Trainee: 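Structure below; questions to follow.
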2 protein chains.
Amino acid sequence: MSLLTVGSVAFDALETPFGKTDKIIGGAATYITLAASYFTKQNNLVAVVGGDFPQEMISLLEEHGVNTEGLEIVKEGKTFFWSGRYHEDMNTRDTLETQLNVMADFNPVIPVSYQGTEYLMLGNTVPATQKLVIERMAKRPKLIMLDTMNLWMNIAMDDLKEVLKLVDLLTINDEEARQLSGEYSLRKAAAKIMEMGPKTLIIKKGEHGALLFQGERIFFAPALPLEEVFDPTGAGDTFAGGLIGYLASTDDISFDNMKRAIIYGSAMASFCVEKFGTERLVNLSQEEIKSRVQEFVNLSSFEIQ
Amino acid sequence: MSLLTVGSVAFDALETPFGKTDKIIGGAATYITLAASYFTKQNNLVAVVGGDFPQEMISLLEEHGVNTEGLEIVKEGKTFFWSGRYHEDMNTRDTLETQLNVMADFNPVIPVSYQGTEYLMLGNTVPATQKLVIERMAKRPKLIMLDTMNLWMNIAMDDLKEVLKLVDLLTINDEEARQLSGEYSLRKAAAKIMEMGPKTLIIKKGEHGALLFQGERIFFAPALPLEEVFDPTGAGDTFAGGLIGYLASTDDISFDNMKRAIIYGSAMASFCVEKFGTERLVNLSQEEIKSRVQEFVNLSSFEIQ
């Protein structure tokens, strides 16, 4: 089935204990569509970039089967830019600079050819913009998944709560789940958040894995313990992209299939952090993905006698 | 098979956001032997208490099948006492008071009837004392498991490294694994620590579960997401007690059985934190344990198609 991803396509400049990059391609929708490209061939993108965005980066997305008809290019504008520096532990980072540029006026237009897309992925961006996208879909998608962050809880909580009423699946990290719900216990937090709209909730815990909640059901997916985390940028978006790409490709939104989808998302995220930016994501083989998923099986399987 | 646990039997006074206790029974060996009592009936204890330690607490251990022949009572001495206050997040705590008392001169004597015990559990205490216990075993046990903490890495690292050479299985938490190895990546840390002696390593991550390492093999056991953590005191010791109790009862130290043992240990720890101190641990039924283990199966099982 087809997937539509709406979110940022951007430049990032990164510093980690392992080195630093100049401006490289980044943005939530970039990571999401690249990760999803290994699962679904109907991979539609809506985003905005400036005239400074190089054609070869657009071509890179297209080579991975991403439909860029909905990628608006504002010739006189500049592309969204973010730079950050990771701390030694790789779990925390400082934002050095954010230039919203063309994202400040992002008015997502859904091409006619995208209408009827069954799976909608709303990458992390302004909640009001996410809501606009849902309103602009002629037919409600089968599954609407939303990613967000603490920034919007701080400055646009009302808008966020409005859009949450409209989505099926929410992904946030553990600190954000606590902030959104006011509950420290993730189990209590999940119960409260599911009352806000999304029937299914995924709480991401980074190197500690992810929890899937739906009604009374809970599933825990571990993260793969890696020798080295080289650059965590985009890991959450890659996780989301692998997850929704797998759901779209299998067109099965049962709880059991969501469990599988989280494992695939986690496997994709484990690749992402092995290199800077999208480097590792653009050259994966299906065999590598299969073998990585098997590592997750080995990591977490046991039998009670 | 039989189990010998050596460690502290103590008084604790606890403050959590949910309330506070007067002096209640605590200590590593108390939690370990109580947890193990649900698995093995040959449950030998070596510890020391003062004349202030109430007979009804000793009777409580005995009612759970703990053999207290090796529990030394120093009539003129006082029992080891620890008091602490947990922070709001329950993951960090301040020590308010530590009185070593009779533990300061703990000279573990192994009763003749304990000799030949196949499974030896060295609860967290002075590394030189742990080494003394191993030397005092007439025959090397089939499995020696050791628990320790950052304190000994700070003040007795050389002694700790000496005893590590003699043990099969080490349990420490993630921060301690990083301190002991000098590596941030837990996978690299594990490789270094296994070169220090223990062929098998368990890294405890509290609410984030536990990792089992043996050679190139890794297994991850999740922690159960709980509605509420009431009091985390003794959770690590209860985990260790359930684990070694299960290994001793099944007398199988294969990797597959260690995976099961970690799940049983995690299940026991999940009960422990539901009430103050040992309260929840002294009244469990086999049905409750079976049902809790099934929750772990449900939490972590998935099938890749």
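Chain naming here is simple, since letters A, B, ... match the order of the sequence lines and numbering starts at 1 in each. Small disclaimer: the values here were computed from a predicted structure and weren't measured.
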Trainee: Among residues 227-251 of chain B, which residues come closer than 4.5 Å to chain A, judged by heavy atom distances?
Mentor: B:Glu227, B:Glu228, B:Tyr246

Trainee: Between the main-chain N or O of B:Asn173 and the side-chain N or O of B:Glu176, is there a donor-acceptor pair closer than 3.5 Å?
Mentor: yes

Trainee: Side chain of B:Ser291, backbone of B:Glu287: donor and acceptor closer than 3.5 Å?
Mentor: no

Trainee: Spell out, as yes or no, whether a donor-acceptor pair under 3.5 Å connects the side chain of A:Thr148 to the backbone of A:Ile172.
Mentor: no

Trainee: Which atoms of A:Tyr184 come close to chain B, meaning under 4.5 Å heavy atom to heavy atom: side chain ones, backbone ones, both, or neither?
Mentor: side chain

Trainee: So which part of B:Glu183 gets closer than 4.5 Å to some heavy atom of chain A, the side chain, the backbone, both or neither?
Mentor: neither

Trainee: Between A:Val297 and chain B, with a heavy-atom cut-off of 4.5 Å, which part of the residue counts as in contact: side chain, backbone, both or neither?
Mentor: both

Trainee: Answer whether the closest heavy-atom distance between the side chains of B:Phe296 and A:Phe220 falls below 4.5 Å.
Mentor: no

Trainee: So, A:Thr40 side chain and A:Met1 main chain: donor-acceptor pair closer than 3.5 Å or not?
Mentor: yes

Trainee: Within the structure provided, determine whether B:Thr16 and B:Arg93 are in side-chain contact (heavy-atom separation under 4.5 Å).
Mentor: no

Trainee: Any donor-acceptor pair under 3.5 Å linking the side chain of B:Arg187 with the backbone of A:Pro225?
Mentor: yes

Trainee: Among residues 198-217 of chain B, which residues come closer than 4.5 Å to chain A, judged by heavy atom distances?
Mentor: B:Lys205, B:Glu207, B:His208, B:Leu211

Trainee: Taking every heavy-atom pair that is under 4.5 Å apart, which of B:Arg178, B:Arg260, B:Lys259 has the most such pairs with chain A?
Mentor: B:Arg260

Trainee: Is there a donor-acceptor contact under 3.5 Å from the side chain of A:Gln286 to the main chain of A:Tyr38?
Mentor: yes

Trainee: Given 3.5 Å as the limit, does a donor-acceptor pair link the side chain of B:Ser270 with the main chain of B:Leu224, or not?
Mentor: no

Trainee: Measure distances from A:Ile263 to the heavy atoms of chain B and classify the residue's part below 4.5 Å as side chain, backbone, both or neither.
Mentor: side chain

Trainee: Where the side chain of A:Asp252 meets the backbone of A:Ser254, is there a donor-acceptor pair that is under 3.5 Å apart?
Mentor: yes

Trainee: Using a cut-off of under 4.5 Å on heavy-atom pairs, state which of A:Leu299, A:Ile304, A:Asn257, A:Leu186 scores highest against chain B.
Mentor: A:Leu299

Trainee: Within the 4.5 Å heavy-atom criterion, are B:Asp147 and B:Met121 side-chain neighbours or not?
Mentor: yes

Trainee: Any carboxylate oxygen within less than 4.0 angstrom of a Lys/Arg side-chain nitrogen, looking at B:Glu15 and B:Arg85?
Mentor: yes

Trainee: Using heavy-atom distances under 4.5 Å, tell me whether A:Gln305 contacts chain B through its side chain, its backbone, both, or neither.
Mentor: both

Trainee: Quick check: do A:Ser266 and A:Ile262 have side-chain heavy atoms less than 4.5 Å from each other?
Mentor: yes

